[in-house]
Amino acid sequence: MVFYISLTILVLSLGAQLTLRSFGNRSTNNKSVRIYEWIFYGAIILIFANSFYLSYSQYKIWKYGPLSEFTKFFLPPHQSINYFIGYSLFNFFATYLVSLVFAFLFLKAVKYYNKKFEEKFFYHEEYYLGALAIFLSGFPGIFIYIISLFLASALGSLILNKFSTLKGERVSFYYLWIPVAIFVIIISRYLQQLPIWQLFKL
């Protein structure tokens, strides 16, 4: 479920990018910034609402499922409710709690440094586009995301300098944040089977 929620949010965000802002328009659009901010916080609500739903479903399975004669002992009054809360946090919340921390750190850092260097590096919309992409990439997907983002930027800049007259130019991250996140979320379904992924997975 979370896979489809994440992809839907990212595809809608990409559509909003293409609709609300034309290529090469450097001016800041406060309306579009607010829209991406809503999308970002809406994504947080949806992802954690799904986590609560999964926790509730797990509770019902343990209490009323086919193995309830055994699994009921994981629940009160046989077991402290802290056990179930810890299990739910670890299995249904932790991945996105960690990536949410990284997303907020990203927000704080880019706002600070962009302001310090007179808005030279990022469009204001990118604050929330980047934070959204980082959050939905999850953990440890954020590592794959960061690597893929810089590789895509480097490859795009290489192609731009090789086959166009724009020598010395670099590809902006503006139209990379969301497509790279879509790519990472899709391939993560296959990477999850690798031992190295399991090593970092919470």
Side-chain angles (χ1 to χ4, degrees), residues 1-16 35-108 128-149 151-152 177-202:
M1 177 68 75
V2 71
F3 172 81
Y4 296 105
I5 292 173
S6 299
L7 277 187
T8 300
I9 293 170
L10 290 171
V11 169
L12 290 175
S13 299
L14 183 59
I35 288 173
Y36 298 132
E37 183 179 6
W38 288 345
I39 293 174
F40 173 61
Y41 288 108
I44 295 172
I45 292 171
L46 285 174
I47 290 296
F48 288 116
N50 182 68
S51 297
F52 278 109
Y53 171 75
L54 292 175
S55 299
Y56 173 69
S57 298
Q58 186 66 60
Y59 182 90
K60 288 177 62 179
I61 289 172
W62 280 358
K63 192 170 183 65
Y64 305 111
L67 299 177
S68 60
E69 286 300 313
F70 170 72
T71 56
K72 69 180 180 181
F73 291 104
F74 296 141
L75 302 171
H78 309 285
Q79 184 71 257
S80 169
I81 190 62
N82 291 335
Y83 177 82
F84 178 75
I85 292 173
Y87 178 91
S88 297
L89 283 173
F90 187 80
N91 287 279
F92 306 128
F93 288 86
T95 292
Y96 291 100
L97 284 173
V98 173
S99 65
L100 183 61
V101 170
F102 277 90
F104 278 124
L105 289 174
F106 169 85
L107 267 178
K108 186 176 181 64
Y128 293 100
L129 289 171
L132 175 68
I134 290 169
F135 171 62
L136 292 180
S137 293
F139 183 88
I142 50 176
F143 297 131
I144 307 298
Y145 176 74
I146 292 170
I147 294 170
S148 299
L149 183 68
L151 285 176
W177 297 111
I178 303 302
V180 172
I182 292 173
F183 167 76
V184 168
I185 288 173
I186 291 174
I187 66 167
S188 290
R189 299 194 82 182
Y190 304 98
L191 295 178
Q192 288 174 9
Q193 310 304 320
L194 298 178
I196 190 170
W197 184 282
Q198 298 299 323
L199 181 64
F200 287 98
K201 184 179 179 181
L202 294 172

**Q.** Test log, rule side-chain contact (heavy atoms from CB on, under 4.5 Å), inputs Phe104 and Lys108
**A.** CA-CA 6 Å; Phe104 278 124; Lys108 186 176 181 64; over 6 Å; no

Q: With side-chain contact (heavy atoms from CB on, under 4.5 Å) as the test, would you mind laying out the steps for Ile142 and Val184 before giving the verdict?
A: CA-CA 9 Å; Ile142 50 176; Val184 168; over 6 Å; no

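Applying the salt bridge (Lys or Arg N to Asp or Glu O under 4.0 Å) test to pairs two or more places apart or on separate chains, those with a residue in residues 51-70 are Glu69-Lys72. Within the structure, no pair that satisfies the salt bridge (Lys or Arg N to Asp or Glu O under 4.0 Å) test touches residues 76-87, not counting sequence neighbours.
Here the two rings, on Phe106 and Trp177, have centers that are under 6.0 Å apart. A distance of 6.0 Å or more separates the ring centres of Phe183 and Tyr145.
Here Thr71 contributes atom OG1 and Tyr59 contributes atom OH; the two are 11.0 Å apart, rounded to the nearest 0.5 Å. The OG atom of Ser99 sits 11.0 Å away from the CZ atom of Phe143 when rounded to the nearest 0.5 Å. One finds the CD1 atom of Ile39 at 9.0 Å from the CD1 atom of Ile9 (value rounded to the nearest 0.5 Å). Once rounded to the nearest 0.5 Å, the distance linking CE of Met1 with CD1 of Ile47 reads 10.5 Å. Here the CD1 atom belonging to Ile186 is positioned 5.5 Å from the CG atom belonging to Leu7, to the nearest 0.5 angstrom. From Asn50, atom CG reaches atom CD1 of Ile45 across 14.0 Å, with rounding to the nearest 0.5 Å.
Of all heavy-atom pairs spanning Ile178 and Leu10, the tightest one is CG2-O, 3.2 Å. Of all heavy-atom pairs spanning Gly138 and Tyr96, the tightest one is CA-CE2, 3.9 Å. Nearest heavy atoms, Phe40 versus Leu100: CZ-CD1, 4.4 Å. Between Ala103 and Ile134, the closest heavy-atom pair is N-CG2, 3.9 Å. Between Ser137 and Ala133, the closest heavy-atom pair is OG-O, 2.7 Å.
For the pair Ile144 and Ser188, the minimum side-chain heavy-atom distance is 4.5 Å or more. Two residues are said to be in side-chain contact when any heavy atoms from C-beta on lie closer than 4.5 Å; Tyr41 and Tyr128 meet this criterion. Side-chain contact check for Asn91 versus Leu54: every heavy-atom pair is 4.5 Å or farther apart. Taking 4.5 Å as the limit, every side-chain heavy atom of Ile5 sits out of range of all side-chain heavy atoms of Leu136.
Within a 6.0 Å radius of OH in Tyr56, other residues, nucleotides and ligands contribute 12 heavy atoms or fewer. When the shell of 6.0 Å around CZ of Phe102 is examined, it contains 12 or fewer heavy atoms from other residues, nucleotides or ligands.
Tyr87 is linked by a ring pair (Phe, Tyr, Trp, His ring centres under 6.0 Å) to Trp62, counting only residues two or more places apart in sequence or in another chain. Checked against ring pair (Phe, Tyr, Trp, His ring centres under 6.0 Å), Phe92 has no partners two or more places apart in sequence or in another chain. Shown here are the ring pair (Phe, Tyr, Trp, His ring centres under 6.0 Å) partners of Phe3, two or more places apart in sequence or in another chain: there are none.
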Distance-only criterion, 3.5 Å: show the donor-acceptor pairs between side-chain atoms of residues 76-86 and protein atoms not counting sequence neighbours.
from: Ser80; atom 1: OG; to: Asn82; atom 2: N; distance (Å): 3.2

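Phe135 and Phe48 have tilted rings, their planes meeting at an angle from 30° to 60° on a 0 to 90° scale.
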